[in-house]
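Right, one structure below, let's go through it.
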Amino acid sequence: MAKVLCPGSFDPPTNGHVDVIERASRLFDGVVVAIIANPTKQPLFSLDERKGLLQGSLSHLSNIEIESFAGLLVDFARERDLSVVVKGLRAVSDFEYELQMAQMNAALSPGLDTLFVTAKPSWAFLSSSLVKQVARYGGNVQGLVPPPVHAALVERHREGQGP
Ligand code: PNS
């Protein structure tokens, strides 16, 4: 079995991300969780903060490495000698974009395969952007994100630092 790559912005990690990573960690020998250093949108949490939040949220898994990358995913995969990307699919609406990315990545790096894990129905509506929006206006996101993420969101908005 292989070591696989779970890439994302993780700004912040949600229970949906944790579910996909947990399942990849059961199905494969190891998982490299790769945080994109420079997401297209200004992140709420810095790269170091996102790394810390993932570490705190995945400490129950023993075959996980948490890393970051800048630039193209295919270059990072090549550097790390990884040939399988695992991503979560929440709904049909995710499929079109994910398919396009998977096919572009395969065109850029033949031999790089993307496998999709279907989201648990209980997390299908979850996204980092919605979680941030709800938290920004004081909504309760406990139970939707891992406890360290919940604490960080509460702290960030108490400090009034959120964008
Ligand atoms: O959590 P996200 O925001 O859905 O993650 C998207 C991510 C980081 C996996 C994707 O944007 C990505 O791979 N970016 C790296 C740049 C790249 O390789 N772009 C070409 C892919 S078609």
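We use all heavy atoms of the structure for the numbers below, so side chains are in, but hydrogens, waters and symmetry mates are not. Counting convention: from 1, in listed order, for ligands and their atoms alike.
Closest to atom 1 (O) of ligand 1, if we only count protein heavy atoms, is Ser9 N, 3.0 Å. Of all protein heavy atoms, the one lying nearest to atom 20 (C) of ligand 1 is Leu72 CD2, 4.0 Å. Regarding atom 11 (O) of ligand 1, its nearest protein heavy-atom neighbour is Met101 SD, 4.3 Å.
The atoms of ligand 1 that sit less than 4.0 Å from any heavy atom of Asn105 are 21 (C), 22 (S). Which parts of ligand 1 touch Met104 is read off a 4.0 Å heavy-atom cut-off, strictly below it: atoms 22 (S).
Closest of all the heavy-atom pairs between Pro13 and Pro146 is O-CD, 3.7 Å. Shown here for Phe45 and Arg156, the closest heavy-atom pair between the two residues is CD2-NH1, 3.8 Å. Looking at every heavy atom in both residues, Ala24 comes nearest to Val31 through C-CG2, 3.7 Å.
Taking 4.5 Å as the limit, every side-chain heavy atom of Ser68 sits out of range of all side-chain heavy atoms of Arg50.
By the criterion of a heavy-atom distance under 4.0 Å, the side chain of Lys87, and not its backbone, is placed next to ligand 1.
Not one N or O on the side chain of Asp19 forms a donor-acceptor pair closer than 3.5 Å with the backbone of Ala119. Not a single donor-acceptor pair under 3.5 Å links the side chain of Arg80 to the backbone N or O of Leu5. A donor-acceptor pair under 3.5 Å links the side-chain atoms of Ser128 to the main chain of Pro12, judged by distance alone.
When the heavy-atom distances from atom 15 (C) of ligand 1 to Gly71, Ala70, Pro13, Pro7 are ranked, the shortest goes to Gly71. Residue Ile36 holds the heavy atom nearest to atom 14 (N) of ligand 1 of all those in Asp94, Ile36, Leu73.
By the definition of a contact as any protein heavy atom under 4.0 Å away, atom 7 (C) of ligand 1 is not in contact. In this structure, atom 4 (O) of ligand 1 is not in close contact with the protein, since no protein heavy atom lies within 4.0 Å of it.
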